[in-house]
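Beneath this line is the structure, given in structure tokens, with notes to follow.
Chain identifiers are assigned alphabetically (A, B, ...) following the order of the sequence lines, protein sequences preceding nucleic acid strands; residue numbering begins at 1 within each chain.
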Amino acid sequence: MSRPAAGRRGGDARLGVNPITCRAHGLCAELLPELIGLDEWGYPILAASPVPPQLLEMARDAVAACPTLALRLSGAR
Amino acid sequence: MVRVPRATPHQVMAAAGQARPADPDSPYRLLAGWVDTGRPADLAAHQRRHGPLPVPAYPGRAGPHRLIGVVDRSGLRGRGGAGFPTGRKLTAVAAGRRRPIVLANGCEGEPASRKDHVLLSVAPHLVLDGAILAAYAVGAEEAVVCLHAQDPLADTLRAAIAARSGDPVPLRVAEVPDRYVASEASALVNFLNTGDPRPTAKPPRPFERGVRGRPTLVDNVETLAHLAMVARYGPEWFRRLGGPDSPGTTLVTVTGAVRLPGVYEVPLGTSIGQVLELAGGAAEELQAVLVGGYGGSWLPLPSGGGIRLTHADLQAAGASLGVAALVVLPARGCGLAETARVLRYLAGESAAQCGPCMFGLPAIAADLTAVVEGAAGRRGGAVLDRLGGRLEVIRGRGACAHPDGAVRLASSALRVFGTDVRRHLSGRPCPWAAGGPRLPVPGDAAPGAR
Ligand SMILES: Cc1cc2nc3c(=O)[nH]c(=O)nc-3n(C[C@H](O)[C@H](O)[C@H](O)COP(=O)(O)O)c2cc1C
Ligand code: SF4
Ligand code: SF4
């Protein structure tokens, strides 16, 4: 599969959620509204695009804040 | 009926894929024995027709790798719903560090499908050969045939396994709870590992870490039966029927408003209309056909009759082959009411682990039910908009593909039965909305329900 070329910093970092362990706390959407919305039931809808470098720090914070470790960041360096 | 010449002996196979089937051009491959004799093939009959297990044709340390190459070149794609290239999956499983496990998926949780049941009933040794050959190809230590608990086929398969000898890998039967999502690949793995028959989140996928932490090949039983023939007769023979992107034959279950509902074997690339003719033709005036099972797509009839059963053609028509089940809806039936009922069933089968599935599926089922019943009154348009939005939001957000099937079904219904949607919303539903179910779901008292 072709992957987008990595940017200078974290160019192909992507958010992912484990839909089974996610408990719809919604904390992630509060911390990172730029990339995470909530559906009508409170479950996160993640941006499909890579996490832009300037949001990488906030994305890390959101991942760390998820009470069930459901939110992940992959491909970040 | 095809006439098949007396089976030729196959004892000696000089090279892989060099054996010849009794009739290389017959459209009956998996079902040849059944069509010919009308009897399920016991081990002796199976070996008379197809010869012994062709493991000796793939000797030495390079043998398994060569077998994977043969399957890869055949272009065989999975018959369990997703159509994934079987050679690629074998390669991925064989690349793992630990000894793999093979699961032959014979649960057939799909209510519109009977093909695995028929195949396992009439040609159990073809499936078992395929499971053994797949295990040999990936270097697996065990092959497990997964069937629904209480399915009489479990005894059939246990007896078939007991009749065999000399298989290079042990075979056994596992009985899995009779629920729709319990036969999804990661749910089978989870059940065998922990007794919990619910899907798990990916990654890891079963090919990475599955049963007992090992790389696990999960293949549909029909896929494995084709594999058993490819290993014997070779990729060129396999490609003599079907198209480039969808080679070989497929079993197809035809139910609904045809004269001879049943399971048929046809070359891929056969048109929907031809399959319906094979099934005796229309029993009455037709309206639409559901392709690919209850997580599949509606296509209008007669206009959809020319569409051919290949992955590419169906995709171009906004559908997918799925498990190759056709449910034929007569003109005197309500596609929306049928769809709403199937959606309620699918919602009830959610493993209730993922929010978008456990809340989303009941929500879209309720929306469509409201549209069908005209219950929304003047707010009908708003309900329809909400339904459209929900279908967008749910897709792709479950741990397994269960919600995606429900979304596909509902979206295609809104597309194909668009005129009916407007009629229902304006309080003028078709006279058939209250009629008996044409698409049986488990639990219905209707004849033909499982
Ligand atoms: C909800 C759900 C139910 C499924 N049930 C079955 C089943 O009953 N039999 C089957 O072979 N595959 C079933 N599958 C597909 C399997 O996950 C898997 O893809 C398949 O067994 C792989 O075999 P194949 O590559 O030979 O097609 C199901 C998938 C989903 C999402
Ligand atoms: S913070 Fe974690 S549990 Fe809460 S909604 Fe986000 S991913 Fe789900
Ligand atoms: S998507 Fe639905 S059926 Fe699949 S694991 Fe999640 S809750 Fe269960």
Side-chain angles (χ1 to χ4, degrees), chain A residues 1-4 6 10-52 55-56 58-77, chain B residues 84-85 88-89 91-92 181 184-187 189-190 193-194 196-205 208-209 347 350-367 382-383 385-404 406-407:
Chain A
M1 269 207 275
S2 70
R3 306 175 68 190
D12 48 5
R14 268 167 212 277
L15 285 168
V17 66
N18 177 334
I20 294 180
T21 49
C22 170
R23 284 287 168 271
H25 295 97
L27 212 53
C28 52
E30 252 169 65
L31 292 172
L32 192 59
E34 293 86 348
L35 296 178
I36 305 179
L38 295 179
D39 67 19
E40 61 183 291
W41 307 286
Y43 290 86
I45 303 174
L46 311 178
S49 49
V51 180
L55 290 180
L56 206 52
M58 283 167 73
R60 288 210 173 91
D61 289 348
V63 167
C66 171
T68 63
L69 308 180
L71 195 67
R72 308 177 296 261
L73 191 64
S74 60
R77 281 161 300 160
Chain B
F84 193 81
R88 261 179 39 210
K89 197 156 36 165
T91 304
V181 301
E184 187 267 348
S186 73
V189 166
N190 196 21
N193 280 338
T194 71
D196 178 355
R198 294 180 299 176
T200 55
K202 294 96 189 166
R205 300 198 161 269
E208 299 164 311
R209 182 140 45 87
S350 164
Q353 303 190 97
C354 315
C357 180
M358 75 174 131
F359 297 114
L361 298 198
I364 61 173
D367 283 348
V383 171
D385 288 345
R386 183 175 67 193
L387 174 55
R390 285 173 166 172
L391 293 174
E392 282 302 312
V393 155
I394 294 167
R395 195 195 334 253
R397 288 180 57 230
C400 79
H402 182 60
D404 301 358
V407 166

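- Within a 6.0 Å radius of CZ in B:Arg209, no more than 12 heavy atoms belonging to other residues, nucleotides or ligands are found.
- Once rounded to the nearest 0.5 Å, the distance linking CE of B:Met358 with OH of A:Tyr43 reads 4.0 Å.
- Nearest heavy atoms, A:Ile20 versus B:Cys354: CG1-SG, 3.7 Å.
- Taking B:Gly389, B:Ala352, B:Ala201 one by one and counting their heavy-atom pairs under 4.5 Å with chain A, the maximum is reached by B:Ala201.
- In terms of heavy atoms, A:Pro19 sits closest to B:Gly398 at CG-C, 3.8 Å.
- Listed here is the closest heavy atom pair of B:Arg397 and A:Pro44: NH2-O, 3.0 Å.
- Of all heavy-atom pairs between B:Gly360 and A:Trp41, the closest is CA-CH2, 3.6 Å.
- The distance from the CG atom of A:Asn18 to the CD atom of B:Gln353 is 9.0 Å, given to the nearest 0.5 Å.
- With a threshold of 4.5 angstrom between heavy atoms, B:Ala351 does not approach chain A through any atom at all.
- Nearest heavy atoms, A:Arg72 versus B:Lys202: NH2-O, 4.4 Å.
- In this structure, chain A has no heavy atom under 4.5 Å from any part of B:Arg198.
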